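Structure in structure tokens, see below.
Numbering of ligands and ligand atoms starts at 1, following listing order. Keep in mind the model is a prediction, meaning the values are calculated, not measured.
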Amino acid sequence: MSISLQLQGILAELPHNVRLVAVSKFHPAADILEAYDVGQRIFGESKVQELCAKYEVLPKDIAWHFIGHLQSNKAKYIVPFVSLIHGVDSLKLLLEIDRQAKKCDRKIAVLLQLHIAQEETKFGFSFGECLDLVASDEFLACRNIEICGLMGMASNTDDELLAIEEFRGLAAFFNDLQASHFSQQESFKELSIGMSEDYLLAIAQGSTMVRIGSKIFGQRN
Ligand SMILES: *Cc1c(COP(=O)(O)O)cnc(C)c1O
């Protein structure tokens with residue numbers, strides 16, 4: 001099926017409070033334009049170089065989301081134009097984004113990434129580490145960062161019950177954190193969970209942002 005038909009099918013079934021990040025990593029600019037022409041404006045990329053190259057050649061009203069693991073020393077390349085950084089997984093990275101954001105007089109929207117999957121390889125804070133972070137003086141001193149919520153990835157498994165449990169645990173943590181630390185901050189409202197294989201499960205658990213790649217653009221090489 002074509003990109004535009006796949007995209008329209010997904011958009012038609014999303015609740016109005018859930019936004020779609022079309023994950024275009026490894027797919028060419030022409031594919032992004034096909035989705036753009038249907039009205040899609042939020043695209044997700046996971047490699048700094050690839051994101052910068054696409055930003056250069058594609059329409060400037062695209063909202064680019066960085067969804068990958070960002071190395072601190074590369075933050076400077078995307079901070080000037082990125083709309084949302086999903087995967088902030090260390091204080092070091094947060095401080096560097098803040099520093100670079102100051103330089104270009106921007107406030108950067110970020111999500112804190114929580115490790116909820118069973119795989120050791122996935123990045124992110126534990127719940128305890130996240131609580132320590134948001135209570136730390138260094139965190140509170142960041143002026144050019146806007147914490148917009150949390151992001152997570154479920155285990156890569158056919159076990160739907162496991163994925164549901166992982167999403168549910170993150171959603172509960174999100175609600176607690178919102179009440180305990182961000183009740184005065186309206187911007188803390190996004191729960192970025194759900195990919196091609198599990199986004200309906202994630203939406204049922206409270207996702208506000210789904211990151212869907214292969215279901216729209218096909219398999220990646
Ligand atoms: C690649 C990627 C996605 C999209 O995965 P699909 O299974 O193709 O939908 C979502 N989130 C992150 C963090 C990714 O790296």
Quiz item: When you measure from atom 11 (N) of ligand 1 to every protein heavy atom, which one gives the shortest distance, and what is it?
Solution: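 So the nearest neighbour among protein heavy atoms is Arg211 NE, 2.9 Å.
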Exercise. May I ask you to decide whether Glu45 forms a salt bridge with Lys54, counting only side-chain N to carboxylate O separations under 4.0 Å?
Key: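 So Glu45 pairs with Lys54 through a salt bridge.
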Self-check item: Per-residue contact class, Ser196 against ligand 1 - non-hydrogen pairs under 4.0 Å
Solution: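 Ser196 to ligand 1: contacts from backbone and side chain alike.
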Self-check item: Contact partition for Met151 relative to ligand 1, non-hydrogen atoms under 4.0 Å
Solution: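 Side chain only; the backbone of Met151 stays clear of ligand 1.
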Practice problem: Kindly confirm or rule out an N or O of Ser46 lying under 3.5 angstrom from an N or O of ligand 1. | Solution: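 For ligand 1, there is no N or O atom that lies under 3.5 Å from one belonging to Ser46.
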Quiz item: For ligand 1, which part of Lys215 has a heavy atom less than 4.0 Å away: the side chain, the backbone, both, or neither?
Solution: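 Neither; nothing of Lys215 gets under 4.0 Å from ligand 1.
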Quiz prompt | Lys/Arg-Asp/Glu bridge criterion (N-O < 4.0 Å) met for Asp61, Arg41 | solution =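 The answer is yes: the pair qualifies as a salt bridge.
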Quiz item: With ring centroids as reference points, do Phe26 and Phe217 lie under 6.0 angstrom apart?
Solution: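 That pair fails the under 6.0 Å test.
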Quiz item: Under 4.0 Å between a Lys/Arg side-chain N and an Asp/Glu carboxylate O for Glu96 and Lys92?
Solution: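 Answer for the salt bridge query: no.
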Quiz prompt | Protein residue, atom and distance nearest to atom 5 (O) of ligand 1, heavy-atom basis | solution =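 Ranking protein heavy atoms by distance from atom 5 (O) of ligand 1, first comes Met195 CE, 3.7 Å.
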Quiz prompt | Sub-4.0 Å atoms of ligand 1 with respect to non-hydrogen atoms of Ile212 | solution =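 Ligand 1 atoms under the 4.0 Å threshold to Ile212: 9 (O).
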Quiz item: Do Tyr77 and Leu51 come within less than 4.5 Å of each other through their side chains, counting heavy atoms only?
Solution: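 They are not in contact (no side-chain heavy atoms under 4.5 Å apart), so the answer is no.
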Quiz prompt | Atoms of ligand 1 close to Gly213 [distance to a heavy atom under 4.0 angstrom, numbered from 1] | solution =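 What qualifies from ligand 1 is 4 (C), 6 (P), 8 (O), 9 (O).
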Quiz item: Between Ile147 and Ile145, is any pair of side-chain heavy atoms under 4.5 Å apart?
Solution: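 Heavy-atom side-chain distance check passes, below 4.5 Å.
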Self-check item: ligand 1 contact by Arg220, heavy-atom criterion under 4.0 angstrom
Solution: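 Yes; Arg220 lies near enough to ligand 1 that a heavy-atom distance drops under 4.0 Å.
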Practice problem: Do me a favour and list the nearest non-hydrogen protein atom to atom 13 (C) of ligand 1 with residue, atom name and distance? | Solution: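 Nearest protein contact, heavy atoms only, for atom 13 (C) of ligand 1 is Ile67 O, 3.4 Å.
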Quiz item: Atom CD1 in Ile193, atom CD in Gln205: separation rounded to 0.5 Å?
Solution: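 CD of Gln205 is found 7.0 Å from CD1 of Ile193.
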Self-check item: Shortest protein heavy-atom distance from atom 15 (O) of ligand 1, along with the residue and atom involved
Solution: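 The answer is Lys25 NZ, 2.6 Å.
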Exercise. Answer with yes or no whether the side chains of Arg220 and Ser214 bring together a donor and an acceptor at under 3.5 Å.
Key: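 No, Arg220 and Ser214 have no side-chain donor paired with an acceptor closer than 3.5 Å.
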